Amino acid sequence: MVSSSSPPPTGSDKTHFPQDASLPGEHFEARQTHPTGDYTPDPSKSLPLSPQRQALVEDILALYEMKPTVERVKRYTPDCVYNDQFVYANDRYKMAGQWFALPKLFKSAESHGYQVVTNDRDLIQLKHEEAWTFKIIPKTAVINALVSLSLDPATIDSDFIRVKYHKDQANDKDYSNEGLGATFKKWQADNVPKYMSSPELKAFEADKDAGKESRRTYGSGGKEGSAPVKNL
């Protein structure tokens, strides 16, 4: 049951990021440390969303389930950032490469449920459980993660809300965005599109020139690295 003190479906008045939509995605990173790292969703406690915000979440979840389309990838701004355990993509072309490449690595991907835990004016966060079945190895991995969608200031009030920064965080600590792991994540995102020839990916080639800045680094993924503890 959702508390009577929950934010309205259109989002609370609380803001986290700049209101200048011309700034690239690096300016819109949500950072947090979780006390336990347990992101198991409880759908019965999910915060209600407006139809426009619900449509955004459903499009993002469809991408997780390996149902990419050009229209769904357009949910991201050209200068977006995607950051998870394995990938750091800093424009929509690289991001598209990741979504369209998933079927080459996995036999199936199924969402087992989600719980919206933050619905602020410029940030939607949800606990999400996803089952990934590998293509070559007959094994299924179930991952619970916190998905943070930092919203594009220019489209927050539109019928087609877009995302500036998408973070998928599966551990209690955030990403420091530095070291060998971060270097590999960026190398992977930079190079995957080079080996793909899908017409859907070509639709985003112009985004290679989208505005971007250097990856923000924090020295740590803990609270001392600008990732305050939040029990979401």
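On a predicted model such as this, the values are computed, not experimentally measured, just so you know. The analysis underlying the following values was restricted to heavy atoms, covering all of them including side chains, and did not include hydrogens, waters or symmetry mates.
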Testing the basics here: between [X] and [Y], what is the closest heavy-atom pair and its distance to 0.1 Å?
X: Glu178; Y: Ala182; answer: N-CB, 3.4 Å
X: Ala89; Y: Val87; answer: N-CG1, 3.9 Å
X: Ala210; Y: Pro78; answer: CB-O, 3.3 Å
X: Pro41; Y: Gly113; answer: CG-O, 3.6 Å
X: Gly97; Y: Leu201; answer: N-CD1, 3.5 Å

Exercise for review: In sequence, state the C-alpha distance, the side-chain angles, and the governing distance for Asp38 and Asp172, and then conclude on side chain to side chain contact (heavy atoms under 4.5 Å, CB included).
Suggested key: CA-CA 7 Å; Asp38 182 4; Asp172 57 336; over 6 Å; no
For residues [X] and [Y], determine if any side-chain heavy atom of one lies less than 4.5 Å from a side-chain heavy atom of the other.
X: Trp132; Y: Leu102; answer: yes
X: Leu180; Y: Phe184; answer: no
X: Lys223; Y: Pro228; answer: no
X: Lys186; Y: Asn90; answer: yes
X: Thr155; Y: Phe160; answer: no

TODO: Kindly indicate whether a cation-pi arrangement holds for Lys185 with Tyr175, taking the cut-offs as under 6.0 Å to the six-membered ring centre and within 45° of the axis.
DONE: yes
Here the salt bridge (charged side-chain N to carboxylate O under 4.0 Å, His left out) pairs for residues 108-133, sequence neighbours left out, are Arg121-Asp157
Test side chain to side chain contact (heavy atoms under 4.5 Å, CB included) on Gln52 and Ser158; report intermediate values, then the result. CA-CA 8 Å; Gln52 295 83 358; Ser158 74; over 6 Å; no
Glu26 with Arg215: basic N within carboxylate O range, under 4.0 Å:
no
#### Entry: Short N-O contact, Asp91 and Lys208, less than 4.0 angstrom
no
Does [X] have more than 12 heavy atoms from other residues, nucleotides or ligands lying within 6.0 Å of its [atom1]?
X: Lys173; atom1: NZ; result: no
X: Lys230; atom1: NZ; result: yes
X: Asp13; atom1: CG; result: no

Going through the distances and angles, do Val73 and Phe100 end up as a side chain to side chain contact (heavy atoms under 4.5 Å, CB included)? CA-CA 10 Å; Val73 175; Phe100 288 112; 4.0 Å; yes
Do [X] and [Y] sit in the same hydrophobic cluster, where Ile, Leu, Val, Met, Phe, Trp and Tyr count as joined when their side-chain heavy atoms come under 4.5 Å apart?
X: Val70; Y: Val192; value: yes
X: Phe106; Y: Ile143; value: yes
X: Phe86; Y: Ile60; value: yes
X: Leu149; Y: Leu63; value: yes
X: Val57; Y: Leu151; value: yes

Side-chain ([X]) to main-chain ([Y]) donor-acceptor, under 3.5 angstrom:
X: Ser150; Y: Phe28; answer: yes
X: Arg92; Y: Asp79; answer: no
X: Arg31; Y: Gly222; answer: no
X: Ser46; Y: Pro43; answer: no
X: Arg162; Y: Pro153; answer: no
X: Asn119; Y: Pro9; answer: yes
X: Thr33; Y: Ala227; answer: yes
X: Ser50; Y: Arg53; answer: yes
X: Gln115; Y: Asp42; answer: yes
X: Arg72; Y: Lys67; answer: yes

Consider only side-chain N and O atoms of [X] and [Y], and report whether a donor and an acceptor are under 3.5 Å apart.
X: Gln169; Y: Gln32; answer: yes
X: Asn177; Y: Asn83; answer: yes
X: Ser148; Y: Gln125; answer: yes

Distance from [X] atom [atom1] to [Y] atom [atom2], nearest 0.5 Å?
X: Cys80; Y: Tyr93; atom1: SG; atom2: OH; value: 14.0 Å
X: Ser214; Y: Lys212; atom1: OG; atom2: NZ; value: 11.0 Å
X: Lys194; Y: Lys94; atom1: NZ; atom2: NZ; value: 9.0 Å
X: Glu58; Y: Arg75; atom1: CD; atom2: CZ; value: 9.5 Å
X: His34; Y: Leu146; atom1: NE2; atom2: CG; value: 7.5 Å

Which of Asp152, Thr77, Leu56 passes side-chain contact (heavy atoms from CB on, under 4.5 Å) with Val163? Answer is Leu56
Please walk me through it: do Ile124 and Thr118 pass side chain to side chain contact (heavy atoms under 4.5 Å, CB included)? CA-CA 5 Å; Ile124 297 173; Thr118 301; over 6 Å; no
Between Glu29 and the options Lys167, Arg216, His16, Lys164, the side-chain hydrogen bond (donor to acceptor under 3.5 Å, both in side chains) test singles out Lys167
Contacts of Tyr82 meeting side chain to side chain donor-acceptor pair (under 3.5 Å) (sequence neighbours excluded), chain-then-number -> Asp84
Report task. Could you please spell out the steps behind the salt bridge (charged side-chain N to carboxylate O under 4.0 Å, His left out) verdict for Lys202 and Glu200? Result -> CA-CA 5 Å; Lys202 290 184 182 300; Glu200 294 87 357; over 6 Å; no
Checklist line | Plane angle bin for Tyr64 and Trp99 - parallel if under 30°, tilted between 30 and 60°, otherwise perpendicular | finding: perpendicular
**Request:** Test ring-ring contact (aromatic ring centres under 6.0 Å, His included) on His128 and Tyr39 and set out the steps.
**Result:** CA-CA 7 Å; His128 177 225; Tyr39 298 120; over 10 Å; no
